[in-house]
Amino acid sequence: MFEKRKLEEHNNLVLVFALLIVSLLLLYFTPSLLPEEGNAITGFAASQVGNLSVGVATYIACTWSNPALTVSFGSSLNPGTNDTNASNNYAGLFGATFYNVTVDTLSNVQANITMKGEDFISGANKIAISNVSWTSNSSYDNDNGSNMKIASAVALTNIFNNNTPIAAYEPIGSTAWFRFWIDVPASTVAGTYLGNYTQQCITAS
Amino acid sequence: MKKISLLGIIVFALVLMPWTSASVGVGMSPTKIVIETYVGDVRNEEVSVFNPGDIPLDISLNAEGGIAPFTTFAVSSATVQPEPNHEQPIENGQRLMVTFKPTKQGVFTGTITAGGGPSQNSQFGGTVGVAAQVVMKVGPAKSLLDAVTTRQIIIAGSMVAVLILFIVLQKAGLRLSFKKKGRNRDFEDV
């Protein structure tokens, strides 16, 4: 008698699990029975909704002239001299600048091009980056534009200057030219000073 | 006459030579990343960096702005060879993984920059780069209830309902039994 009851309880347990598994399978494979959005029975005529998809890829690329990566102002400047040209400011044909940046044709977006700099350092001495000024001309094919003079130059800062970019909404394939000048404060200690600047292309938006 | 022509050609070439010097370039895709996530989540995004210039460039990745504390890179630098045909699709690009793991709520913006240079010991060296904008919207950490979907609730509820039904029927007198085939005392199948 005891064994018979045990057998019945065992059978009942098996049946419960069997029913549960069948329920799971039914509910999993009949999603239309579940009140998901778009599948509810409303009484109106139903229509098949097809999915549409599109892939979009964006690329931004810029190229710089080689001289733009190695700017020099000379090796024996005197303290207290101002507006000293970078060596390639007027080195090109008819006085064109060799410093330029181009929004490469591999881009498919327009670019804003901005610049920042870091102080010149020589041991414990420094020349503040604000002593470097620059100007640019983003007009295509104008590497010696009349606006690229010291009079219209702005001081370089240690953060990207979004208010005064080298070029804004620069079209794909177009080039921006720029020039540098440096002031050497009268109190500058003799030495070889090294500094750097960073230019960055970012999607114009 | 020939000497004059040759001299003219040489001068012309010398004048033009600076214009044909190699260029340095860097590119990136995508140009903007927008993420909606929650505190504690880990999101991986892949960026592609490539070289539209003429010479190989050592490119390094950096995160700047409000996203910087939440951003890490599996590989933060790579040497990228110039694109051979200078057209899509990109052939020599490097795919680099960026991981975002926000630790607090809010909207954070910043940039992922891919840059190269400057030349060693240059008096005023230029570092050049491109940047992808990043916008990260971080919601509060998810609770267990937030992780449970409506479908899961319905399935669980159905299981409980079937179980309760069976128990009720059993209490009402339903009995099910299965007889297992086995050997009798004389060891014969029945």
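Side chains included, hydrogens not; waters and symmetry mates left out as well; all remaining heavy atoms used.
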What option among [options] has the most heavy-atom pairs under 4.5 Å with chain A?
options	answer
B/Gly25, B/Ala114, B/Ala131	B/Ala131
B/Val128, B/Val49, B/Leu163, B/Thr113	B/Val128
B/Ser48, B/Pro52, B/Gly53	B/Pro52

Do any of residues 81-89 of chain B come closer than 4.5 Å to chain A, heavy atom to heavy atom, and if so which ones, in number order? B/Glu83, B/His86, B/Glu87, B/Gln88

What residues of residues 27-42 of chain B make heavy-atom contacts with chain A at a cutoff under 4.5 angstrom? B/Gly27, B/Met28, B/Ser29, B/Pro30, B/Thr31, B/Lys32

Reported [atom1]-to-[atom2] distance for the pair [X] and [Y], which is rounded to 0.5 angstrom:
X	Y	atom1	atom2	answer
A/Gln200	B/Thr127	CD	OG1	11.5 Å
B/Phe50	A/Ile60	CZ	CD1	9.0 Å
A/Leu106	B/Ile90	CG	CD1	4.5 Å
A/Leu69	B/Leu57	CG	CG	8.0 Å

Derivation and outcome, side chain to side chain contact (heavy atoms under 4.5 Å, CB included), residues A/Ile202 and B/Val130: CA-CA 6 Å; A/Ile202 194 168; B/Val130 294; over 6 Å; no

Heavy-atom count around A/Lys126 NZ within 6.0 Å, excluding the residue itself: above 12? no

Under 4.5 Å heavy-atom distance to chain A, tell me which part of B/Ile167 shows up: side chain, backbone, both or neither. neither

